[in-house]
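Notes follow the structure.
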Amino acid sequence: MIAHLKERGVKVLTDNVSAVKDADIVLLVVKPYQLADILSEIKSTLKPEMIIVSMVAGFSLSPIEAIIGDKIPLFRGMPNTAIALCESMTCLAYDKKWEAYKDEVFGVFDLLGKSVVITEELMASATVLGACGIAFALRFMRAAMQGGIEIGFAADVAQFITAQTMKGASELILQSNHHPEQEIDKVTTPRGITISGLNEMEHQGFSSSLIQGLITSFKKIDKQDK
Ligand SMILES: NC(=O)c1ccc[n+]([C@@H]2O[C@H](COP(=O)([O-])OP(=O)(O)OC[C@H]3O[C@@H](n4cnc5c(N)ncnc54)[C@H](OP(=O)(O)O)[C@@H]3O)[C@@H](O)[C@H]2O)c1
């Protein structure tokens, strides 16, 4: 499945021990049910000069440390699928004792999007807001497109207008650090069209349903965390 990466100079191996042997940073990006077996497989090859970063959702640092020991720098990351375009939001957690390795780890993730340090206790929340958040934002996009078609656009044009508008809205916030309502105020004329639509969305439960969705995902993930 990753054989095509060979053409781009990536060393592709099928043996985990060989893959880890000469690594500086080992990224664990496998399904949660595979992690314990893979850690046991590579454990004796890991060295304190390496850094381990686990991206496995729902798996805390402590059970990993219980397998690999406490001498190897260990980080936990929660990216999202926009990592494929180097536009991930990656939340990273680690024990304070590994502070000296932080810059090296961030050096990798800053190339793949934006990153932020969080406490490990917030990892489930980061999964919901950042990783599930991609799906939540795209459901907003789909709904806006459906509305766009009803008011006259062909699906492909509605998709283009909606996607670029969402990108522009995100950039307005990322570049100015303004609160969203500050930018909303700029497009809501008194007695105008935008505020009528916004208020109707709120009457229909827009913000409330989004918040309840986030909380529902959080409750589910929190129960599953190891
Ligand atoms: N998807 C997300 O948005 C997201 C976000 C944050 C965190 N995560 C976490 O990232 C992890 C991976 O998720 P994913 O969606 O990327 O899953 P995925 O697409 O199924 O990728 C799993 C990878 O593990 C490889 N693999 C399978 N068995 C292996 C083994 N025995 N040794 C070494 N590698 C093995 C697979 O290679 P082959 O395909 O060649 O078998 C595949 O490249 C999960 O723990 C997930 O919770 C995902």
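We use all heavy atoms of the structure for the numbers below, so side chains are in, but hydrogens, waters and symmetry mates are not. Whatever order the structure lists ligands and atoms in, that order sets their numbers, starting from 1.
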Exercise. So among Val105, Leu27, Ile25, Ile72, which one has a side chain to side chain contact (heavy atoms under 4.5 Å, CB included) with Ile52?
Worked result: Ile72
Problem set entry | Residue contacts for ligand 1, heavy atom to ligand atom, distance under 4.0 Å | Met1, Asn16, Val29, Val30, Lys31, Pro32, Gln34, Ile38, Met55, Val56, Ala57, Met78, Pro79, Thr81
For this session: Report the C-alpha separation of Val30 and Leu35 in whole Å, then their side-chain angles, then the decisive distance to 0.1 Å, and conclude whether the side chain to side chain contact (heavy atoms under 4.5 Å, CB included) test is met.
Result: CA-CA 7 Å; Val30 294; Leu35 186 64; 4.2 Å; yes
Problem set entry | Note, Ile184 side chain near Leu198 side chain (heavy atom, < 4.5 Å) | yes
For this session: Anything under 30° is parallel, anything over 60° is perpendicular, the rest tilted; go ahead and classify Phe140 against Phe206.
Result: perpendicular
Problem set entry | Minimum heavy-atom distance Ala131-Pro79, with the two atoms named | CB-O, 3.7 Å
For this session: I would like to know whether Tyr94 and Glu120 meet side chain to side chain contact (heavy atoms under 4.5 Å, CB included); could you show each step before the answer?
Result: CA-CA 7 Å; Tyr94 56 93; Glu120 197 186 11; over 6 Å; no
